[in-house]
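Taking it in order: structure first as C-alpha cells, then the write-up.
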Amino acid sequence: MDKLVIEGNVPLRGRLRVSGSKNAALPILLACILAEGPVRLRNVPKLKDIATTLQLLRMLGCGAEQNGEIVVTCVGQNLIPEAPYDLVRTMRASVLCLGPLLARLGKAVVALPGGCAIGSRPVDLHLRGLERMGATFELEAGNIIGRCKRLKGAHIHFDFPTVGGTENLLMAASLAEGETILENAAREPEVTNLADFLNACGAKIQGQGTSIIRVQGVDRLNGAEFGVMPDRIEAGTYLVAAVITDGELYLENCSMADLDAVVYKLREMGVWLQEGKSGVLVKRGTNLVGVDVMTQPFPGFPTDMQAQIMALMGLADGSGTIKETIFENRFMHVQELVRMGARIKVSGQNAVVRGVDQYIGAPVMASDLRASASLVLAGLAAKGSTEVLRIYHLDRGYEELEAKLSQVGARIRRVAQ
Ligand code: UD1
C-alpha cells in the first residue's frame, strides 16, 4: 500500500486548478441510467470512486467510458438491475442507483451498504421516500430488493435533509407519474447540480437549492451534455493548505458562493480571501485565532471540511471548539493530529482545540477521506517529515493531490510500500 511522505514547513505559493466535484459527479453518473440517449459529461475528476461508478454502470449493462470527457449510454433492454455487494461495500454512493433503477426498470437489487469509518449511515430515509412513491422493499441475503409498477408522485417530508436521500428521490421522481414534492430537502450545491443535469435531460424540477423541491414526472429523459460543478471541498482543503503553510494561493475554477460558511469561519480566524474573476486568492491575514465551528447541513459548515479546519485551528492562538452534528464517529483524525503535537480533547460530539506553535512530523494513519486530508495539511505545516499511511482514501477523493501540491512548492511524494 502506498504512503505519502511530506517534508513540511514550506509555504505554498502559486495557482491551483480545482477539479470537478466528486460528490456531484457520482449521482449525476448514476442518473444516466434514466436517460434514453447518450450523456456526455465534462469536468468529471479522475478518481477511484469515479472509476468504481463507471464499473458499476457497466455491470448494470450501460456503456461507460472516461476519455477526457465521460460518455454513458444506458439502453433499456440491456439494463440489469443488480448492484452487487463487492462494489457497494467499496463505495456507499452506489446506493444512489436504487431510485434510477426502480424508475426505469421497476426493479432494483442493491446490496445494503454497511457501516463505515465515520458512522452507521443508514438509508432508511431513501427507502421510506421510495415506498411513498409505491415501491416495496424486502431484505434478502444483505440485498435490498425493490419492486414497483410505475412510481407515483408523492408528498415526502424528510426527517433530516439527507443529501443522498434527496438525490435518490429526485432521480426517481423525474420519471414518476405526476408531481412529487420533497420537503426538508437537502440544499447542498451538489443536489442542485444533479437537478440541473436532470433538467438538461428533459426533467421538470423546480426549487433545487431550497428546502422544497417540486418535480413534475415525465415519461422519458433524453441524453444531454453537461459540465459538473467544481469541487467545493477540494477547494476548501486547498484554501486551508495556503493558510496553514503561511503561503499564498490562487484557486482557479472555484466559487466562493458554494463555500460561504467555510469562508466566513476562515475570515473569523483571521484569513484574508479575495474573489477574483475565475477564482479565489487566499493567504493568512493577521495571526490566526481559534473559533467555534458546528457542522450542519448546507448552508451550514460542511462536515466534509471539519477535519481540515481542525488541523488549522490546532495552530491558531487561543482555543476553539468544534461540534460535529452530522456523523457520530467523525473525530478519528484527532488522535493522529495529537501524535503530531496537537492539543485536542474530544468529548462526545465536541472537540476542544488548544492551539500549539508548531506540529512535529510523525507517521500517521488515515481513517477516511477527509481525515486523510487533515493529516496531509498538518504534515505540510509540520517541522520535519510526516508519513501518511493508508492513502487509498485520498485517491478516492482528491485528483492528483501530490502533483497539485508539488506544483505550488510542497515537498510531498508517494512511496510504494
Ligand atoms: C453525502 C456526501 C458526504 C457528506 C454528507 C453530508 C456524497 C457521495 N457523500 O453523504 O461526503 O459528508 O453528504 O454532507 O455526496 N441519514 C439517516 N438515514 C438516511 C440517510 C441519512 O439517518 O436514510 C443520516 C446519516 O446517518 C447522517 C446524516 O443523515 O447522520 C447525513 O447523511 P446524508 O446527508 O444522507 O449523507 P450522504 O448522502 O451519505
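All ligand and atom numbering here is 1-based and tracks the order in the structure. Below, all heavy atoms of this structure are taken into account, side chains as well, without hydrogens, waters or symmetry copies.
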Output yes when Asp219 and Arg150 qualify as a salt bridge under the 4.0 Å nitrogen-oxygen rule, no when they do not. yes
How close does the nearest protein non-hydrogen atom get to atom 8 (C) of ligand 1, and which residue and atom is it? Asn23 OD1, 3.4 Å
So is there a nitrogen or oxygen of Lys22 less than 3.5 Å from a nitrogen or oxygen in ligand 1? no
So, regarding Ile326 and ligand 1 (criterion: nitrogen or oxygen to nitrogen or oxygen, under 3.5 Å), is there a contact or not? yes
Quick note on ligand 1: atoms under 4.0 Å from a heavy atom of Thr303 include exactly 6 (C), 12 (O), 14 (O)
Taking only Lys NZ, Arg NE, NH1 and NH2, and the carboxylate oxygens of Asp or Glu, determine whether Arg128 and Glu131 approach each other closer than 4.0 Å. no
Pairwise side-chain contact, Val191 with Gln208, heavy-atom cut-off 4.5 Å (strictly under): no
Proximal candidate to atom 28 (C) of ligand 1 [heavy atom criterion; set Phe160, Phe298, Phe158]: Phe160
Test your reading of the structure: does Leu26 have an N or O sitting under 3.5 Å from an N or O of ligand 1? no
Out of Pro122, Gly129, Pro113, indicate the one that has the non-hydrogen atom closest to atom 26 (O) of ligand 1. Pro122
Residue-level breakdown please: for Arg128 versus ligand 1, do any non-hydrogen atoms fall below 4.0 Å on the side chain, on the backbone, on both, or on neither? neither
In plain terms, say whether Glu234 and Lys22 are close enough for a salt bridge, that is, a side-chain N and a carboxylate O under 4.0 Å apart. no
For the 3.5 Å polar cut-off, considering only N or O atoms, please tell me whether Asp124 and ligand 1 meet it. yes
Flag if over 12 foreign heavy atoms under 6.0 Å of CD, Gln417: yes
Option passing side-chain contact (heavy atoms from CB on, under 4.5 Å) with Leu266 (candidates Val282, Ile309, Val243): Ile309
heavy-atom search around atom 10 (O) of ligand 1 in the protein gives Arg121 NH2, 3.2 Å
Quick test of your reading of the model: are Arg414 and Asp395 salt-bridged, counting only N-O distances below 4.0 Å? yes
Touching ligand 1 at all, Glu190? Heavy atoms, strictly under 4.0 Å? no
Give yes or no for whether the N/O distance cutoff of 3.5 Å, strictly under, is met between Phe327 and ligand 1. no
Show the atoms of ligand 1 that are less than 4.0 angstrom away from any heavy atom in Asp304. 3 (C), 4 (C), 11 (O), 12 (O)
Atoms in ligand 1 flagged as close to Val123, the criterion being non-hydrogen separation under 4.0 Å: 19 (C), 23 (O)
Does CD in Gln206 sit with more than 12 non-hydrogen atoms of other residues, nucleotides or ligands closer than 6.0 Å? no
Going by a strict under-4.0 Å cutoff (protein heavy atoms only), does atom 24 (C) of ligand 1 have a neighbour on the protein? no
When you check the gap from the basic side-chain N to the acidic O, do Lys46 and Glu400 get nearer than 4.0 Å? no
Which atoms of ligand 1 sit under 4.0 Å from any heavy atom of Gly164? 35 (O), 38 (O)
Among the heavy atoms of Arg330, does any lie under 4.0 Å from an atom of ligand 1? yes
What about Glu167: any of its N or O atoms under 3.5 Å from an N or O on ligand 1? no
Non-hydrogen side-chain atoms of Ile212 and Leu182 separated by less than 4.5 Å: no
Between Asp304 and Arg330, does any side-chain N to carboxylate O distance fall below 4.0 Å? yes
